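These notes are about the structure you will find just below.
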Amino acid sequence: MEPEVANQGNEISPNNTIYINNLNEKVKIDQLKQSLHAVFKQFGTILEILAFKTLKHKGQAWLVFKDVASATAAVEKMQGFPFYDKPMRIQYAKTKSDIIAKADGTFVPRERRKRHEEKGKKRKDQHDANQAGMGLNPAYAGGAKSVIPEAPAPPNNILFVQNVPHDTTPMALQMFFSQFPGFKEVRMVEAKPGIAFVEYGDEMQATVAMQSLQSLKIGQQQLLITYAKK
DNA sequence: AGCACA
């Protein structure tokens, strides 16, 4: 007989939604969601990202892809990806997200959770504004080690490449980046392993290379490419 | 460690 029951053990079956834990709990929810989006959008359209700061849900997030194939790629390729100094742990979510159920017509409203919604709903707009500002502050958490840029640099002709395996040579990197028009040079800094700068003639050329190489893995590691700060 | 639907 074939195994009709897809899910006997601890394996969780494919789902549009990935469940991520071991996230750095010091990161503010808004910034966390933004950064997750930046890192996972390469796998396909993201419908929703949910994260909460309550005790039971800190350090975790649910990221809903439009397509299951995107979720599968994300689970495989981003497993252990260093994110705010901690390796992400990624699984498929155990259950279907509401947003998916609504789309496929299977949504049935669940019991309303306890009266969660009652406590002081003050004007906290000011706090939110402050929090947004903090997302731009590199001094946050006192470290420069995050693989996530605090604020995305505007498009320009130089790419900033992160999560490069430490034993990668400039020559090796050049192999990948020089196949795109306008390539000028790769620069690596001895004192700062794991990163590289790649320069192109102009912004469009840099953009083309970035989009093509964004999903490149070297060894086990998923490259992360953004524009360099100038 | 912790699987929700702010």
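Every chain is numbered from 1 and lettered A, B, ... according to where its sequence line falls, protein lines coming before strand lines. Everything numeric here is computed off the predicted structure, so don't read it as measured data.
- For B/dA1, its base never sits under 3.5 Å from the side chain of A/Gln91 at any donor and acceptor pair.
- Nucleotide B/dG2 holds its C1' atom 11 Å from the NZ atom of A/Lys58, rounded to whole Å.
- Between B/dA4 and A/Lys56, a contact under 4.0 Å exists linking OP1 or OP2 to a side-chain N or O.
- In this entry the distance linking CD1 of A/Ile99 with P of B/dC5 reads 14 Å, nearest Å.
- Here A/Phe107 lies out of heavy-atom contact (under 4.0 Å) with every strand.
- Taking atom CG of A/Asn24 as the reference point, atom P of B/dG2 lies 19 Å away to the nearest angstrom.
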Taking distance alone, no hydrogens or angles, what donor-acceptor pairs closer than 3.5 Å link side-chain atoms of residues 101-108 of chain A to residues at least two apart or in another chain?
unit_1, atom_1, unit_2, atom_2, d
A/Asp104, OD1, A/Thr106, N, 3.0
A/Asp104, OD1, A/Thr106, OG1, 2.6
A/Asp104, OD2, A/Lys96, NZ, 2.7
A/Thr106, OG1, A/Lys96, NZ, 3.3

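- Summarising the geometry, the separation between NZ on A/Lys28 and P on B/dA6 is reported as 22 Å, rounded to the nearest angstrom.
- The nearest whole Å value for the distance from the CG atom in A/Asp30 to the P atom in B/dA6 is 15 Å.
- Between the CG atom of A/Leu23 and the P atom of B/dA4 there is a distance of 16 Å, given to the nearest Å.
- Here A/Lys102 lies out of heavy-atom contact (under 4.0 Å) with every strand.
- If you find the closest nucleotide of DNA chain B to A/Asp98 and to A/Asn21, the one lying nearer the 5' end belongs to A/Asn21.
- For A/Trp62 and B/dC3, a side-chain-to-base donor-acceptor distance below 3.5 Å is present, hydrogens and geometry of angles not being considered.
- With B/dC3, B/dC5, B/dA1 as the candidates, the nucleotide lying closest to the side chain of A/Ser97 is B/dC5.
- Remark: A/Lys33 NZ is packed, more than 12 non-hydrogen atoms of other residues, nucleotides or ligands lying under 6.0 Å away.
- Contact of A/Thr17 with B/dA4 (side chain to base): no donor-acceptor pair of N or O atoms is detected under 3.5 Å.
- Rounded to whole Å, atom C1' of B/dG2 lies 15 Å from atom CD1 of A/Ile20.
- Look at CD1 on A/Ile100: it is 17 Å from P on B/dA4, rounded to the nearest Å.
- Each of B/dA4, B/dA6, B/dG2 was ranked by its minimum atom distance to the side chain of A/Thr54; first place goes to B/dA6.
- In summary, the side chains of A/Asn21 and A/Lys58 do not present any donor paired with an acceptor at a separation below 3.5 Å, with no hydrogens or angles considered.
- A/Thr168 and A/Met188 make their closest contact through O-CE, 3.6 Å (heavy atoms, listed as atom of the first residue, atom of the second, distance).
- In the set B/dC3, B/dC5, B/dA1, the nucleotide with an atom closest to the side chain of A/Arg110 is B/dC5.
- At a cut-off of 3.5 Å, with distance as the only test, a side-chain donor of A/Thr207 or A/Tyr227 sits close to an acceptor on the other residue.
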